[in-house]
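Have a look at the structure below, then the notes.
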Amino acid sequence: MVVVRLLSKCVLACGLLSPALSATPNNLTVGYGYHNAPPYAIISTGTLQSGIIKDIADALAAKANIKVSFKEVNRLDLDNQLNTGELDMNCIANPAWFKQPERFVWSGPLFVEQDRLYGPPDDKRKVDEIGDLSLTRVGTIRGFHYPTLELQFEQHNIQRSDASKHADNFAALLNQQVDYVIADNITTNYLVHSSGEQRFTQHQLKISEHQVHCMFSAKSKFDTKQLASLLDKLAESGEIDRIINHYAGEVPGGR
């Protein structure tokens with residue numbers, strides 16, 4: 001009888017424990033893609049090896065004592081996979097870039113990114129306002145929207161030359177295939193920082209400035225509000241700036 005009772009207690013205990021264990025989330029799934037230029041995502045042989053996205057996610061995982069995995073996602077499918085819960089988290093985002101951003105859980109601003117105008121080495125031209133770009137050819141990223149320049153593009157006052165990544169645009173700049181390049185200051189500083197030389201001229205004209213956040217799926221099994229709060233604390237502690245400085249040094253234009 002004692003044995004039977006012990007077995008019964010074991011079965012009950014196991015039955016009570018199993019649902020709790022099965023409900024425990026597995027890895028926090030974080031999205032990245034080739035649309036995230038280095039140093040945001042440094043990809044080798046189809047795998048995210050390092051970069052700002054990976055380091056932020058790893059720092060968050062350590063803080064929350066959870067595991068993290070990374071999933072390559074096409075930029076056009078990012079919204080859908082977050083909406084369905086296939087992805088838990090995406091970084092390098094801003095609520096203004098998404099329709100109905102309230103569908104997601106957002107961290108506070110982690111840092112500020114600027115889209116700046118760059119010319120070739122030793123460029124002596126003065127570009128202080130958009131009108132100074134009249135009748136020029138500017139390197140841009142395919143599919144990206146530039147609110148302050150869209151009217152100029154539509155009226156053909158400025159010609160956009162699309163590429164899939166910033167490195168291709170800067171190569172075109174050095175080969176005199178474009179007059180200028182629009183790129184974010186962090187990516188550009190990484191290219192300069194990793195090459196060991198100042199190869200581009202940053203003009204005074206600032207195309208845009210925006211705050212960068214991480215976002216979470218509302219259907220994630222994790223406590224995303226708590227994770228967002230932990231990201232805010234990482235930013236307040238200076239950890240996010242340390243991650244960026246590791247790849248890009250002190251970024252011109254500030255954060």
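Numbers here simply count residues along the sequence, with the first being 1.
- In this structure, I240 is not a member of the same hydrophobic cluster as M215, with clusters built from ILVMFWY side-chain heavy atoms closer than 4.5 Å.
- Between D55 and Y247 the shortest heavy-atom distance is OD2-OH, 2.7 Å.
- Without hydrogens or angle criteria, N169 side chain to T140 main chain gives a donor-acceptor distance under 3.5 Å.
- Of the inter-residue distances, the one linking S107 atom OG with K225 atom NZ reads 14.5 Å to the nearest 0.5 angstrom.
- In this structure, E150 contributes its side chain and Y146 its backbone to a donor-acceptor pair below 3.5 Å.
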Should V30 and N90 be marked as a side chain to side chain contact (heavy atoms under 4.5 Å, CB included) after you check the CA-CA gap, both sets of side-chain angles, and the distance that decides it?
-> CA-CA 6 Å; V30 180; N90 172 60; over 6 Å; no
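- Connection of L117 to V112 is not established within any shared hydrophobic cluster, with ILVMFWY side chains joined at heavy-atom distances below 4.5 Å, either directly or through further cluster members.
- The shortest side-chain heavy-atom distance between V68 and L60 does not fall under the 4.5 Å cut-off.
- Looking at N94 and V212, their side chains never come closer than 4.5 Å, going by heavy atoms from C-beta outward.
- Taking a 6.0 Å sphere around CD of Q176, one finds it holds 12 or fewer heavy atoms contributed by other residues, nucleotides or ligands.
- Taking each heavy atom of I53 and F70 in turn, the nearest pair found is O-CE2, 4.5 Å.
- Side-chain atoms of F111 and Q211, non-hydrogen and from C-beta on, never get closer than 4.5 Å to each other.
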Should K71 and E86 be marked as a side chain to side chain contact (heavy atoms under 4.5 Å, CB included) after you check the CA-CA gap, both sets of side-chain angles, and the distance that decides it?
-> CA-CA 10 Å; K71 181 181 180 182; E86 293 176 69; 3.8 Å; yes
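- Between the CG atom in L205 and the CG atom in D132 there is a gap of 8.0 Å [rounded to 0.5 Å].
- Taking the ring centre of F144 as origin, the terminal cationic atom of R75 falls outside the region bounded by 6.0 Å and 45° from the ring axis.
- Residues I56 and C214 form a side-chain contact, since some pair of their non-hydrogen atoms from C-beta on lies under 4.5 Å apart.
- Using a distance-only test at 3.5 Å, with no hydrogens or angles considered, no donor-acceptor pair links the side chain of D184 to the main chain of Q114.
- With S217 contributing its side chain and N83 its backbone, the two residues share no donor-acceptor pair below 3.5 Å.
- The shortest side-chain heavy-atom distance between Y190 and I42 falls under the 4.5 Å cut-off.
- Summarising the geometry, atom CG belonging to N27 is positioned 8.5 Å from atom CD1 belonging to I66; distances are rounded to the nearest 0.5 Å.
- Pairing each heavy atom of P121 with each of L174, the nearest pair is CD-CD2, 3.8 Å.
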List the steps, then state whether side chain to side chain contact (heavy atoms under 4.5 Å, CB included) holds for R116 with I207.
-> CA-CA 5 Å; R116 302 298 298 253; I207 304 300; over 6 Å; no
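- In this structure, R160 contributes its side chain and F153 its backbone to no donor-acceptor pair below 3.5 Å.
- Counted by atom type alone, Y40 and E113 present one or more donor-acceptor pairs between their side chains at under 3.5 Å.
- Follow the hydrophobic side-chain contacts under 4.5 Å out from I158 and you never reach V181; the two are in separate clusters.
- Using a 4.5 Å cut-off on side-chain heavy atoms (C-beta onward), T201 and D122 make no contact.
- Here the closest heavy-atom approach between residue P120 and residue D179 is recorded as CD-O, 3.9 Å.
- A donor-acceptor pair under 3.5 Å is absent between the side-chain atoms of N36 and the main chain of Y32, judged by distance alone.
- Between R103 and D79 there is a salt bridge, since at least one side-chain N of the basic residue sits less than 4.0 Å from a carboxylate O of the acidic one.
- Between the T29 side chain and the S69 main chain, no donor and acceptor come within less than 3.5 Å of each other.
- With T47 contributing its side chain and Q49 its backbone, the two residues share no donor-acceptor pair below 3.5 Å.
- The shortest heavy-atom contact between L231 and L110 is O-CD2, 3.8 Å.
- If you chain together hydrophobic residues whose side chains sit under 4.5 Å apart, L173 and L191 fall into the same group.
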Step-by-step side chain to side chain contact (heavy atoms under 4.5 Å, CB included) determination, N185 to T188 = CA-CA 5 Å; N185 54 343; T188 303; 5.7 Å; no
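- Separating the CG atom in N65 from the CG atom in L230 is a distance of 11.0 Å, to the nearest 0.5 Å.
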Might you work through the side chain to side chain donor-acceptor pair (under 3.5 Å) test for H203 and D123, ending with a clear yes or no?
-> CA-CA 9 Å; H203 286 280; D123 191 0; 2.9 Å; yes
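- Using a 4.5 Å cut-off on side-chain heavy atoms (C-beta onward), M89 and L227 make no contact.
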Between F104 and F216, does a ring pair (Phe, Tyr, Trp, His ring centres under 6.0 Å) hold up when you go through it step by step?
-> CA-CA 6 Å; F104 309 109; F216 297 90; over 10 Å; no
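- Side-chain N or O atoms of T224 include none that pairs as donor or acceptor with a backbone N or O of V105 at under 3.5 Å.
- Heavy atoms only, all atoms of each residue included: A163 and D168 are closest at CB-CB, 4.0 Å.
- Put simply, F170 and V138 are part of two different groups of oily side chains (I, L, V, M, F, W, Y) that touch within less than 4.5 Å, one to the next.
- Under 3.5 Å, the side chains of S208 and D115 contain a donor-acceptor pair of N or O atoms.
- Two residues are said to be in side-chain contact when any heavy atoms from C-beta on lie closer than 4.5 Å; V127 and Q204 fail this criterion.
- Residue-environment remark: CG (D128) exceeds the threshold of 12 foreign heavy atoms within 6.0 Å.
- Ionic pairing of E236 and K233 is not present here: no N-O contact between side-chain nitrogen and carboxylate oxygen is shorter than 4.0 angstrom.
- With rounding to the nearest 0.5 Å, the separation of CZ in R242 from CG in L234 is 9.0 Å.
- Atom CZ of R137 sits about 4.0 Å away from atom OG of S161, to the nearest 0.5 Å.
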Could you go step by step and tell me if D88 and S220 meet the side chain to side chain donor-acceptor pair (under 3.5 Å) rule?
-> CA-CA 5 Å; D88 292 304; S220 173; 2.8 Å; yes
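- W106 places no side-chain N or O within donor-acceptor distance of the main-chain N or O of A93, the cut-off being under 3.5 Å.
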Stepwise ring pair (Phe, Tyr, Trp, His ring centres under 6.0 Å) test for W97 and H210 | CA-CA 10 Å; W97 302 345; H210 44 266; 5.2 Å; yes
